[in-house]
Amino acid sequence: MNISQSIMNSSRFQVSEFILLGLPGIHEWQHWLCLPLALLYLLPLSANLLIVVTIQYESTLHQPMYQFLSILAIVGNGLATTIMPKIPAIFWFDTKAISLPQCFAQIYAIHSFMGMESVIFLCMAVDRYIAICYPLQYPSVVTETFVVKSTAFMVLRNGLLNIPVPVLASQRYYCSRNEIERCLCSNLGVTNLACDDITINRFYQLVLVWVIGGSVMGLAFVSYALILHSVLRMNSAEATSKALSTCSSHLLLIFFYTAIVVVSVTHLARRKIPLIPVLLNVLHSVIPPALNPVVYALRTHELVGFQRVLDLGDNVSRK
């Protein structure tokens with residue numbers, strides 16, 4: 001009798017929406033951050049779309065390395081678009097409410113896109129490993145079919161593995177608190193508001209991030225370590241320089257991606273300054289797409305079409 005009554009009370013007080021408060025500790029002046037964050041979103045969004053169009057436009061760029069780069073640009077834009085439109089609504093228009101289904105959908109989208117990014121990094125690492133260490137076998141191994149299968153695996157893997165995250169979160173009872181000290185819906189940020197046990201949520205989050213995601217990034221680092229070992233044994237200084245230049249572009253993004261995840265999670269565990277993991281969570285979704293045009297397009301000489309499109313835009317504006 002008491003058990004059934006408690007369940008009825010829990011469902012009676014089940015919240016219907018969450019309130020995203022924004023960045024903790026700086027609510028009074030967080031609206032000043034909206035403009036730089038918006039620029040950090042809109043400019044890379046346009047640049048990444050330009051990269052995708054350039055790769056499709058230039059027939060010489062229809063190669064696996066650039067096709068993976070195009071997919072990375074699309075996924076990066078998807079991740080940033082998942083959270084950025086809500087931030088101006090919170091900071092400028094005080095539209096802080098978000099329904100439970102929308103919040104759980106955002107959790108699923110963020111986890112899926114982040115997982116896709118890690119798989120793309122691994123695919124690009126494998127692509128460079130085969131190209132540098134086994135150049136004769138590269139054309140027959142890394143083909144268009146390889147890219148299609150890798151992309152399908154990436155989508156299915158992350159689409160299926162991340163389904164339990166919002167499902168488990170939606171099964172919790174949110175009976176009293178509904179204010180989230182964030183500007184986005186994160187799994188732990190939401191489930192910490194639950195009135196019942198969230199051990200299974202934390203366990204699956206741990207498995208998803210450290211075991212599954214960590215293994216993917218670990219394989220990517222192993223691939224680049226093997227590349228480095230092979231490059232250092234090359235007799236040609238020009239080939240060594242070209243290989244290191246290509247791989248360093250990939251490693252810059254991977255190190256940034258991994259560093260933000262590690263710092264955010266470890267700092268969140270210590271709970272010293274709540275603002276740091278929240279801000280890093282936002283930057284993690286915005287900075288990688290912003291770095292793509294700089295790290296890849298501007299450092300890759302083969303992306304001449306990128307410059308041609310820019311020149312075309314300048315000519316049109318002058319006319």
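In this chain, numbering begins with 1 at the start of the sequence shown. Bear in mind the structure is a predicted one, so any value in this text is a computation, not a measurement.
- Y41 contributes no side-chain N or O that, together with a main-chain N or O of P85, makes up a donor-acceptor pair within less than 3.5 Å.
- To the nearest 0.5 Å, the span separating CZ on F203 from CD1 on I198 amounts to 14.5 Å.
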Would you please test F104 and V167 for side chain to side chain contact (heavy atoms under 4.5 Å, CB included) and show each step?
-> CA-CA 8 Å; F104 298 141; V167 170; over 6 Å; no
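- Under a 3.5 Å cut-off, the side chain of R177 and the backbone N or O of N192 do form a donor-acceptor pair.
- S70 and Q67 are not linked by any side-chain donor-acceptor pair at a separation below 3.5 angstrom, with hydrogens and angles left out of the test.
- The heavy-atom pair separating F91 from G22 by the smallest distance is CE2-CA, 4.1 Å.
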Please assess I180 against I19 for the test side chain to side chain contact (heavy atoms under 4.5 Å, CB included), listing each intermediate value before the final yes or no.
-> CA-CA 6 Å; I180 304 174; I19 306 298; over 6 Å; no
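- Residues R157 and V119 are in side-chain contact: their nearest non-hydrogen atoms beyond the backbone lie under 4.5 Å apart.
- When all heavy atoms of I83 and Q106 are compared, the closest pair comes out as CA-NE2, 3.9 Å.
- Across every non-hydrogen atom of C185 and I110, the tightest pair is O-CD1, 3.8 Å.
- Checking side-chain atoms of N162 against main-chain N and O of N158 turns up a donor-acceptor pair under 3.5 Å.
- In this structure, the side chains of L160 and I163 come closer than 4.5 Å at one or more pairs of heavy atoms.
- With hydrogens and angles ignored, the 3.5 Å screen pairs no side-chain donor or acceptor of S230 with any backbone N or O of L226.
- Put simply, Y108 and M114 are part of two different groups of oily side chains (I, L, V, M, F, W, Y) that touch within less than 4.5 Å, one to the next.
- Under a 3.5 Å cut-off, the side chain of H111 and the backbone N or O of V165 do not form any donor-acceptor pair.
- Of the possible donor and acceptor atoms, one in the side chain of T82 sits under 3.5 Å from a partner among the backbone N and O of G78.
- Closest non-hydrogen pair, G76 versus E117, comes out as CA-OE2, 4.0 Å.
- Here the closest heavy-atom approach between residue N187 and residue A169 is recorded as OD1-CB, 4.1 Å.
- Relative orientation of the Y134 and Y129 rings is perpendicular, given thresholds of 30° and 60° on the angle between their planes.
- Under the 4.5 Å side-chain criterion, counting only non-hydrogen atoms from C-beta, L100 is in contact with V15.
- Contact of the I90 side chain with the D94 side chain is not registered, since no non-hydrogen atoms from C-beta on lie closer than 4.5 Å.
- Between Y66 and I51, every side-chain heavy-atom pair lies at or beyond the 4.5 Å cut-off.
- K86 places a side-chain N or O within donor-acceptor distance of the main-chain N or O of T95, the cut-off being under 3.5 Å.
- Contacts of C133 classified as disulfide (SG to SG under 2.5 Å), with partners at least two apart in sequence or in another chain: none.
- Within a 6.0 Å sphere centred on CD of Q137, other residues, nucleotides and ligands contribute more than 12 heavy atoms.
- Side-chain atoms of F68 and L72, non-hydrogen and from C-beta on, never get closer than 4.5 Å to each other.
- Counting only heavy atoms from C-beta outward, the side chains of I107 and L184 never approach each other to under 4.5 Å.
- Remark: side-chain polar atoms of N178 are paired, donor with acceptor, to backbone N or O of E17 under 3.5 angstrom.
- In this structure, the separation between SG on C183 and CG on L21 is 10.5 Å, given to the nearest 0.5 Å.
- At distances below 3.5 Å, at least one donor-acceptor pair connects side-chain atoms of S118 with backbone N or O atoms of G115.
- Listed here is the closest heavy atom pair of E179 and L193: O-CD2, 3.6 Å.
- Taking 4.5 Å as the limit, some side-chain heavy atom of L168 sits within range of a side-chain heavy atom of Q171.
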